[in-house]
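Notes follow the structure.
In this chain, residues are counted from 1 in sequence order.
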Amino acid sequence: MVRAAIPTATGRARSAPLGFAAGGAVGVLGGMIGLGGAEFRLPLLIGLFGFAALSAVILNKAMSLVVVLTALPARLAAVSFTDLGAHGAVALNLLAGSLLGAWAGASWAVRMRSATLYRVLAVLMAAMAAALVLTHTTALGSLSLPLPVRVVAGVVAGFGIGVVAAIMGVAGGELLIPTIVLLYGIDIKVAGSLSLLVSLPTMLVAFARYSRDGSFAVLGANLRFTAIMASGSIAGALLGGLLLGTVPETVLIPALAAILLISATKVAHHAHPDGGTGTSP
């Protein structure tokens, strides 16, 4: 007997084909701009599949972790260990802030009222839309900062990125890559691989913090759904990578930014004045 639906902790059924298709769509969107696309998956988890904010963040984090682990070998094959090793200090500089930020961000997320978390997510989605447009329409140079200033800036930037990545359940490549280019003047191709080396331990720290909260049970209750949607995201990312460059960025980037802004508006509408805990699945 074929099981076409996925039971959840709330007793609601979520279609397996729909989960795979939604993950695939997210993967294609992300792959076409060279990113994982987790920021597009979060509003689907909330709006399409009906997960509460914190539950959606935790599931999104789990899927992002799977996608990053899958992408890491391909990225490492594209950029030599020698090239990455030469920038090990950069990764450590950012990690000094991002690991703390990930723990702090996850801690804040589990303590927020549900209404507050919805609003924060909406604001962050809008900010992601702005960052997407800025980084793809502006030639990224490098900031010629004195070494001590650059180190401090790296820790501060890493902390902020860790907080955002933890609260949204994303890998943070959308913010890490331009940060690496701007602060350290590293080639964008190398920066893409370097961002994965920073985001992976950062995600693990946030994941560890979420695992200490009772709301983490949503992952166990929806493990099959998570695996199916993550598989769709991986397949979509591969397809999106093949389609890279087929749609002009002058069309693609504004369209993706508009999707994020519309999603932000819809997520904001989920905020209710009753102020629940946001832990229900």
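At a threshold of 4.5 Å between non-hydrogen side-chain atoms, the residues Ile177 and Leu194 do not count as touching. Inter-residue side-chain proximity for Pro146 and Val149 is flagged as met; some heavy-atom pair is nearer than 4.5 Å. For the pair Tyr210 and Asp213, the minimum side-chain heavy-atom distance is 4.5 Å or more. At a threshold of 4.5 Å between non-hydrogen side-chain atoms, the residues Ser199 and Val68 count as touching. Under the 4.5 Å side-chain criterion, counting only non-hydrogen atoms from C-beta, Ile167 is in contact with Met112. When side chains are defined from C-beta on, Phe40 counts as touching Leu256, because their heavy atoms get closer than 4.5 Å. Residues Ile46 and Leu121 have side chains in contact (heavy-atom distance under 4.5 Å, counting atoms from C-beta outward). In this structure, Leu117 and Arg113 have side chains that are not in contact, with every pair of non-hydrogen atoms separated by 4.5 Å or more.
Contact record, Ala129 with Ala257: CB-O, 3.7 Å, taken as the closest heavy-atom pair. Counting all heavy atoms, side chain and backbone alike, Ile58 lies closest to Ser215 at CD1-OG, 3.6 Å. Closest approach of Arg209 and Ser107 over heavy atoms only: NE-OG, 2.8 Å. Shortest non-hydrogen contact noted between Ala171 and Leu176 is O-CD1, 4.3 Å. The heavy-atom pair separating Ala122 from Ala268 by the smallest distance is CB-CB, 3.7 Å. Here the closest non-hydrogen pair linking Ala126 and Ala264 is N-CB, 4.1 Å.
Atom OG1 of residue Thr226 and atom CE of residue Met229 lie 9.0 Å apart, to the nearest 0.5 angstrom. Ile228 contributes atom CD1, which lies 11.0 Å from atom CG of Asn222 (distance to the nearest 0.5 angstrom). Taking CG of Leu94 as the reference point, atom CG of Leu197 lies at 11.0 Å (rounded to 0.5 Å). Taking OG1 from Thr179 and CD1 from Ile186, the interatomic distance works out to 11.5 Å, rounded to the nearest 0.5 Å. Distance CD1/Ile161 to OG/Ser195: 9.5 Å, rounded to 0.5 Å. Going from atom CZ of Phe159 over to atom OG of Ser98 covers 10.5 Å, rounded to the nearest 0.5 Å.
Counting only distance, with no hydrogens or angles, the side chain of Asn60 and the backbone of Met168 share a donor-acceptor pair below 3.5 Å. Looking only at distances, no side-chain donor or acceptor of Ser263 sits under 3.5 Å from a matching main-chain atom of Pro43. Side chain of Lys61 to main chain of Ala165: a donor-acceptor pair is present (N/O by atom type, distance under 3.5 Å, no hydrogens or angles). Panel note: side chain Tyr118, backbone Ala53; a donor-acceptor pair is recorded below 3.5 Å. Side-chain atoms of Asn93 do not come within 3.5 Å of backbone N or O of Ala89 as any donor-acceptor pair.
Residues forming a side chain to side chain donor-acceptor pair (under 3.5 Å) with Ser233 (at least two apart in sequence, or on another chain): Arg41.
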Q.
Determine whether Leu18 and Phe49 satisfy the following criterion, side chain to side chain contact (heavy atoms under 4.5 Å, CB included), listing intermediate values before the conclusion.
A. CA-CA 9 Å; Leu18 181 59; Phe49 296 106; 3.9 Å; yes
**Q.** Stepwise side chain to side chain contact (heavy atoms under 4.5 Å, CB included) check, Leu183 with Ser142
**A.** CA-CA 6 Å; Leu183 281 184; Ser142 60; over 6 Å; no
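Hydrophobic clustering (side-chain heavy atoms under 4.5 Å, transitive across Ile, Leu, Val, Met, Phe, Trp, Tyr) groups Leu175 together with Trp108. A single hydrophobic cluster is seen to contain both Trp103 and Val163, as judged by linkage of ILVMFWY side chains at heavy-atom distances under 4.5 Å, directly or through other members. Under the 4.5 Å side-chain heavy-atom criterion for Ile, Leu, Val, Met, Phe, Trp and Tyr, Leu200 and Leu100 are members of the same hydrophobic cluster. A continuous path of hydrophobic side-chain contacts links Val218 to Leu42 [ILVMFWY only; heavy atoms under 4.5 Å]. Cluster membership check: Val28 shares its hydrophobic cluster with Val251, using side-chain heavy-atom separations under 4.5 Å among Ile, Leu, Val, Met, Phe, Trp and Tyr.
Heavy-atom neighbours of Ile188 CD1 from other residues, nucleotides or ligands within 6.0 Å: at or below the threshold of 12.
Across Val267, Thr265, Val120, a single residue satisfies side chain to side chain contact (heavy atoms under 4.5 Å, CB included) together with Met125, and that is Val267. Screening Val205, Val198, Leu204 for a side chain to side chain contact (heavy atoms under 4.5 Å, CB included) involving Thr202 leaves a single residue, Val198.
Centroid-to-centroid, the aromatic rings of Phe225 and Phe20 stay 6.0 Å apart or farther.
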